[in-house]
Amino acid sequence: LMRSLRCQSLHAAGGDSRAVARALLAALDKRSGLLLWLADTTQPDHIAAELDAAAPVVVGGVSRAGLIGGQGEYEGKAQVERAVALAVTLPTGATATAFHSSPSGLPDLPAATWEIFATAPPDASPHLLMMGAPPHDAAFPIESFLASLDRVLPWSNKVGGLLAGSSSLYVGAGRHDGGVAGVALQGVALDALVCQ
């Protein structure tokens with residue numbers, strides 16, 4: 001039985017990154033099982049560290065070209081530290097598994113998890129929410145990365161976007177230089193829509 005996710009969109013701005021993270025935490029539904037965040041900040045490590053314990057699964061990144069979330073759109077060069085987040089409450093029986101992938105590999109997951117994902121029937125295949133960025137000193141062949149994912153997980157919906165102006169991706173409090181950070185969801189319904 002597939003159930004829909006319940007989501008909460010958050011926004012915070014302030015003088016420093018710790019204050020921004022704490023403002024997000026204050027507004028967060030404490031039942032969240034998954035927290036996805038983006039920040040326009042000079043100190044993303046502080047935001048990642050503050051948010052790491054906010055939910056069992058926390059994934060984030062840095063964008064220098066604007067943010068959308070928390071019922072607003074924030075473009076241009078930020079005058080203050082700013083972050084948006086999507087807090088997701090998972091239905092009973094659903095799972096969320098965070099991962100990172102290098103630009104030339106597949107998501108870094110335990111072998112047992114890959115076996116479950118790769119052998120799942122179409123109606124139980126995981127859905128992937130991803131954010132990608134090229135490493136600071138290299139290109140990212142996104143088309144070949146997605147083609148590899150399609151070969152390994154043909155039934156999975158794969159949605160997300162590319163970060164602009166930064167290569168910083170986070171899984172929990174751990175920082176990665178480019179590649180893809182994301183979440184594999186099982187036991188939920190996910191419809192992929194395209195918007196600008």
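Interatomic distance, CG of D29 versus CG of L10, reported as 9.5 Å (0.5 Å rounding). For the atom pair CD1 of I142 and CG of L146, the computed distance is 4.5 Å after rounding to the nearest 0.5 Å.
For L129 against L36, the heavy-atom pair with the smallest separation is CD1-CD1, 4.0 Å. A pairwise comparison of heavy atoms in S166 and A133 identifies O-CB, 3.6 Å as the closest pair. Summarising the geometry of S101 relative to F145, their closest heavy-atom pair is OG-CE1, 3.2 Å, with the distance given to 0.1 Å. Of all heavy-atom pairs spanning A21 and E50, the tightest one is CB-CB, 3.4 Å. Of all the heavy atoms in A98 and V57, the pair that sits closest is CB-CG1, 3.6 Å.
With sequence neighbours excluded, the residues forming a side-chain contact (heavy atoms from CB on, under 4.5 Å) with H46 are S17, R18, Q43, listed by chain and number. Take S168 and apply the side-chain hydrogen bond (donor to acceptor under 3.5 Å, both in side chains) test, not counting sequence neighbours, and it matches R175. Every side-chain contact (heavy atoms from CB on, under 4.5 Å) that A120 has, sequence neighbours left out, goes to A124, Q186. Checked against salt bridge (charged side-chain N to carboxylate O under 4.0 Å, His left out), D108 has no partners two or more places apart in sequence or in another chain. Applying the side-chain hydrogen bond (donor to acceptor under 3.5 Å, both in side chains) test to S104 and every residue at least two apart in sequence or in another chain returns nothing. Residues satisfying the side-chain hydrogen bond (donor to acceptor under 3.5 Å, both in side chains) test with D45, not counting sequence neighbours, are Y170.
The shortest distance between side-chain heavy atoms of F117 and L153 falls below 4.5 Å. Within the 4.5 Å cutoff, the side chain of L90 has no heavy atoms near those of the T95 side chain.
Panel note: side chain T119, backbone E115; a donor-acceptor pair is recorded below 3.5 Å. A distance-only check finds no donor-acceptor pair linking the side chain of K30 to the backbone of A55 [under 3.5 Å]. In this structure, W37 contributes its side chain and I47 its backbone to no donor-acceptor pair below 3.5 Å. Judged purely by atom type and a 3.5 angstrom limit, S102 uses its side chain to pair as donor or acceptor with the backbone of G105. Remark: side-chain polar atoms of K158 are not paired, donor with acceptor, to backbone N or O of M130 under 3.5 angstrom.
Screening P121, P126, P122 for a side chain to side chain contact (heavy atoms under 4.5 Å, CB included) with W155, the sole residue that qualifies is P122.
A side-chain donor from one of D177 and S167 sits under 3.5 Å from a side-chain acceptor of the other.
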Report the C-alpha distance between L149 and L128 in whole Å, list the side-chain angles of each, state the deciding distance to 0.1 Å, and finish with yes or no for side chain to side chain contact (heavy atoms under 4.5 Å, CB included). CA-CA 10 Å; L149 268 183; L128 305 180; 3.9 Å; yes
Test log, rule side chain to side chain contact (heavy atoms under 4.5 Å, CB included), inputs L169 and V59: CA-CA 8 Å; L169 296 165; V59 176; over 6 Å; no
